[in-house]
Student: 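Supplied in structure tokens, the structure appears directly below.
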Amino acid sequence: MNRISLVGRLRTQKLLGRTVLILLAFSLLTVGGSYLFVRGEMVSRYREQGMEGTMSMLQRTSTSLDRTIQALELQIQTFWKDDDVSSLLVAPEKPDFSRTSGAAAQIQGLREGNELIERCWLYLYQSGQILTDRQLLLEAGDPERPGQLERWSAAAESGTPSLWCEDGKIYLLVAFPQPKKLGLLIVQLSARDLFEQFQEGWSGLSGDPVYVYDGAGEPVFPNRMTYPEREELMVTGESPREGVYALSGQRDTVVCVARSQTAGWYCLTYWNSGDWLPSPQEILTAFLPAAAVLLLLILILSLVILQVIYRPIQRIVESMLTGQETESGQDEAGLISAALARGQRENQRLTGLLSDVRPALAQRFFQSLLEGGQTEPEEVSRMLAALESPFPLEGTYLVLAVEAVPERSASAVEGEIYTRSLWRSLKRFWEGRCLAQIQPAPGGGLSAVLCASPPVPGGFAIPLEDCRQALGRGTP
């Protein structure tokens with residue numbers, strides 16, 4: 001018995017193995033899915049931080065340009081306050097060499113006082129003359145920069161310092177005073193120094209350069225760097241717009257644009273989100289706490305499954321295997337199926353035995369009724385149901401006693417044959433007319449319990465007479 005119980009316990013471990021494999025697969029899927037979720041969240045956060053950092057760097061670069069222009073404005077305001085300059089603007093027609101020389105010296109000093117300034121010119125609106133930083137007073141009809149005075153004057157109409165970019169050169173235009181202009185200061189800035197200042201102030205997070213455009217969307221440093229095509233940067237209007245824009249056909253590349261408020265220039269750069277990915281160590285550091293919690297929950301779930309599902313199945317299998325031999329290689333399902341098959345075979349065997357003994361049991365039951373042994377209706381109904389008897393509890397019953405008297409010279413065997421012949425004759429006669437239970441009588445002969453349900457018209461008188469005559473004819 002102990003060996004069989006041990007075999008059954010070993011067989012049930014197969015279900016445990018499958019359960020463990022399923023839990024392991026579920027754990028791997030859960031942990032893997034959680035890792036991908038954490039990684040995706042970290043990648044999104046890194047890219048968002050990288051884009052914000054790039055925009056912040058662009059804005060600082062544009063702010064640096066604003067500070068440079070504002071510093072130049074302060075110097076120019078000091079220049080306008082000079083007496084010689086003011087006198088020359090108000091009354092340029094009065095010949096005064098000392099005043100003109102002093103104003104020219106101020107222009108030269110303005111150029112020499114700032115490394116970003118390459119050349120300076122002062123255009124006098126009333127006299128139509130131009131005073132240069134080389135102390136030359138030229139007529140507007142013969143300027144050193146022919147063809148630009150009209151454009152410069154139109155650009156300075158706004159009343160604020162304006163930056164003018166043309167042929168790779170950069171000019172700062174300042175009109176004084178406003179709204180009626182007496183003079184226009186034209187300052188040529190060093191494109192090389194400005195470009196170097198941009199490069200020193202720009203430390204692109206993605207390593208891409210910064211491209212500077214003026215307010216009209218034209219390159220500011222075309223001689224210093226190679227600009228991409230406008231279509232490549234998706235610059236479709238008259239000037240770029242501040243913000244972040246995705247490039248067509250490039251899922252991971254965007255263009256970041258920041259605008260200088262004072263200069264009105266735009267700073268653009270590429271930003272590739274594919275370059276901003278967290279390292280595996282950072283992902284694992286963020287994922288390990290979540291993985292520990294998940295594994296703890298999975299462990300608790302495993303214990304619950306083992307206690308609620310596996311243990312009852314194990315007890316069922318062990319109870320079925322008690323006292324039974326098992327075959328090697330069978331798992332729990334096979335063992336349970338084998339136990340059910342054995343149960344079905346046992347039920348069939350018992351059903352066959354019951355069918356074999358049911359006639360004898362019916363005879364004993366009806367004999368008990370005839371002898372008055374069972375009279376309770378509930379007991380009688382229960383026995384009829386157990387015997388699967390067609391006799392109803394209520395109906396018209398008649399008990400027929402038939403005496404079997406063989407010839408005196410007949411032996412015991414011949415008497416038995418005679419009784420059986422009489423039994424067959426009775427059964428054949430009453431079969432189809434009513435319910436009949438024919439069985440040997442205690443004192444010899446036969447007794448027949450007859451039941452008409454529904455009742456036979458005229459009662460049993462005529463059938464009894466017919467039965468007597470049939471017995472007389474058919475029984476020797």
Side-chain angles (χ1 to χ4, degrees), residues 61-82 85-86 88-89 103-125 129-136 138 140 143-179 181-201 212-224 239 259-267:
T61 302
S62 62
T63 302
S64 174
L65 174 64
D66 290 337
R67 288 196 295 266
T68 300
I69 300 302
Q70 291 168 2
L72 286 172
E73 289 181 16
L74 291 176
Q75 289 183 271
I76 293 173
Q77 289 176 3
T78 303
F79 168 78
W80 292 128
K81 293 178 182 179
D82 183 76
V85 174
S86 300
L88 184 62
L89 291 175
Q106 289 294 326
I107 296 175
Q108 184 178 3
L110 179 63
R111 175 179 62 82
E112 295 175 351
N114 195 311
E115 295 180 352
L116 288 178
I117 300 177
E118 288 187 345
R119 296 293 306 277
C120 291
W121 300 271
L122 177 61
Y123 174 61
L124 305 175
Y125 280 95
Q129 294 177 319
I130 296 177
L131 183 62
T132 72
D133 56 358
R134 298 175 182 174
Q135 298 186 0
L136 297 177
L138 306 176
E144 291 187 359
R145 308 300 297 175
Q148 290 190 349
L149 278 177
E150 293 78 5
R151 295 192 296 273
W152 287 341
S153 297
E157 291 291 339
S158 61
T160 59
S162 301
L163 285 171
W164 181 273
C165 301
E166 185 175 350
D167 298 331
K169 298 180 179 180
I170 304 171
Y171 301 94
L172 178 64
L173 309 176
V174 185
F176 180 85
Q178 294 291 343
K181 294 182 290 186
L182 297 177
L184 174 64
L185 182 63
I186 306 164
V187 179
Q188 180 180 347
L189 302 178
S190 173
R192 182 193 63 185
D193 293 342
L194 272 178
F195 178 77
E196 291 178 354
Q197 179 177 332
F198 268 105
Q199 297 303 317
E200 292 175 359
V212 184
Y213 292 82
D214 62 11
E218 296 298 328
V220 175
F221 305 110
N223 299 330
R224 302 289 172 179
S239 62
R259 184 177 184 273
S260 169
Q261 299 299 322
T262 302
W265 288 358
Y266 293 89
C267 300

Student: Indicate yes or no: at least one non-hydrogen side-chain atom of Trp265 is less than 4.5 angstrom from one of Ser62.
Tutor: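 Contact flag for Trp265/Ser62 side chains = no.
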Student: Using 0.5 Å steps for rounding, measure from the CD atom of Gln106 to the CG atom of Asp82.
Tutor: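 Reported value, rounded in 0.5 Å steps: 3.5 Å.
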Student: Using the side chain to side chain donor-acceptor pair (under 3.5 Å) criterion, which residues pair with Asp66? Sequence neighbours excluded.
Tutor: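 Only Ser260 meet the side chain to side chain donor-acceptor pair (under 3.5 Å) criterion with Asp66.
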Student: Thr61 and Cys267: which non-hydrogen atoms are nearest, and at how many Å?
Tutor: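 Where Thr61 meets Cys267 most closely, the heavy atoms are CG2-SG, 4.5 Å.
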Student: State which residues pass ring pair (Phe, Tyr, Trp, His ring centres under 6.0 Å) with Phe221; sequence neighbours excluded, sorted by chain then number.
Tutor: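 So Phe221 forms a ring pair (Phe, Tyr, Trp, His ring centres under 6.0 Å) with Phe195, Phe198.
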Student: If we only count heavy atoms from C-beta on, is the Leu116 to Leu194 side-chain gap below 4.5 Å?
Tutor: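 Yes - at least one pair of side-chain heavy atoms lies under 4.5 Å apart.
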Student: Between Phe79 and Val187, is any pair of side-chain heavy atoms under 4.5 Å apart?
Tutor: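 Heavy-atom side-chain distance check fails, nothing below 4.5 Å.
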Student: Locate the shortest heavy-atom distance separating Asn223 from Gly168; write the atom from each residue and the value.
Tutor: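 Heavy atoms only, the tightest pair is ND2-CA, 3.5 Å.
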Student: Please determine whether side chain to side chain contact (heavy atoms under 4.5 Å, CB included) holds for the pair Thr132 and Ile107, giving the CA-CA distance in whole Å, both sets of side-chain angles, and the decisive distance to 0.1 Å.
Tutor: CA-CA 7 Å; Thr132 72; Ile107 296 175; over 6 Å; no
Student: What pairs with Arg111 under salt bridge (charged side-chain N to carboxylate O under 4.0 Å, His left out), at least two apart in sequence or on another chain?
Tutor: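 Only Asp133 meet the salt bridge (charged side-chain N to carboxylate O under 4.0 Å, His left out) criterion with Arg111.
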Student: Step by step, would you call Thr68 with Gln197 a side-chain hydrogen bond (donor to acceptor under 3.5 Å, both in side chains)?
Tutor: CA-CA 10 Å; Thr68 300; Gln197 179 177 332; 2.7 Å; yes
Student: Trp164 versus Lys169: any side-chain heavy-atom pair under 4.5 Å?
Tutor: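 A side-chain contact is absent here, since even the closest heavy-atom pair is not under 4.5 Å.
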Student: Among Leu185, Val85, Leu89, Leu122, find the one that has a side-chain contact (heavy atoms from CB on, under 4.5 Å) with Phe176.
Tutor: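 Single side-chain contact (heavy atoms from CB on, under 4.5 Å) partner of Phe176 among Leu185, Val85, Leu89, Leu122: Leu89.
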Student: Please assess Tyr125 against Leu182 for the test side chain to side chain contact (heavy atoms under 4.5 Å, CB included), listing each intermediate value before the final yes or no.
Tutor: CA-CA 5 Å; Tyr125 280 95; Leu182 297 177; 5.6 Å; no
Student: Is Tyr123 close to Ile130 at the side-chain level, that is, under 4.5 Å between some pair of heavy atoms?
Tutor: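 Result yes, sub-4.5 Å side-chain heavy-atom pair found.
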Student: So do the side chains of Leu172 and Ile76 get within less than 4.5 Å of each other, counting heavy atoms only?
Tutor: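 In contact.
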Student: With sequence neighbours excluded, what pairs up with Ser86 under the side chain to side chain donor-acceptor pair (under 3.5 Å) test?
Tutor: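 With sequence neighbours excluded, Ser86 shows a side chain to side chain donor-acceptor pair (under 3.5 Å) to no residue whatsoever.
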Student: May I have all residue pairs that pass side-chain hydrogen bond (donor to acceptor under 3.5 Å, both in side chains) and include part of residues 72-81, sequence neighbours excluded?
Tutor: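 Pairs touching residues 72-81 that pass the test: Gln75-Asn114.
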Student: List in chain and number order the residues that pass side chain to side chain donor-acceptor pair (under 3.5 Å) with Gln70, two or more places apart in sequence or in another chain; answer none if no residue qualifies.
Tutor: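 Listed in chain order: Thr262.
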Student: Taking the side chain as everything from C-beta on, heavy atoms only, tell me whether Leu163 gets closer than 4.5 Å to Asp214.
Tutor: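 Answer no - side chains too far apart.
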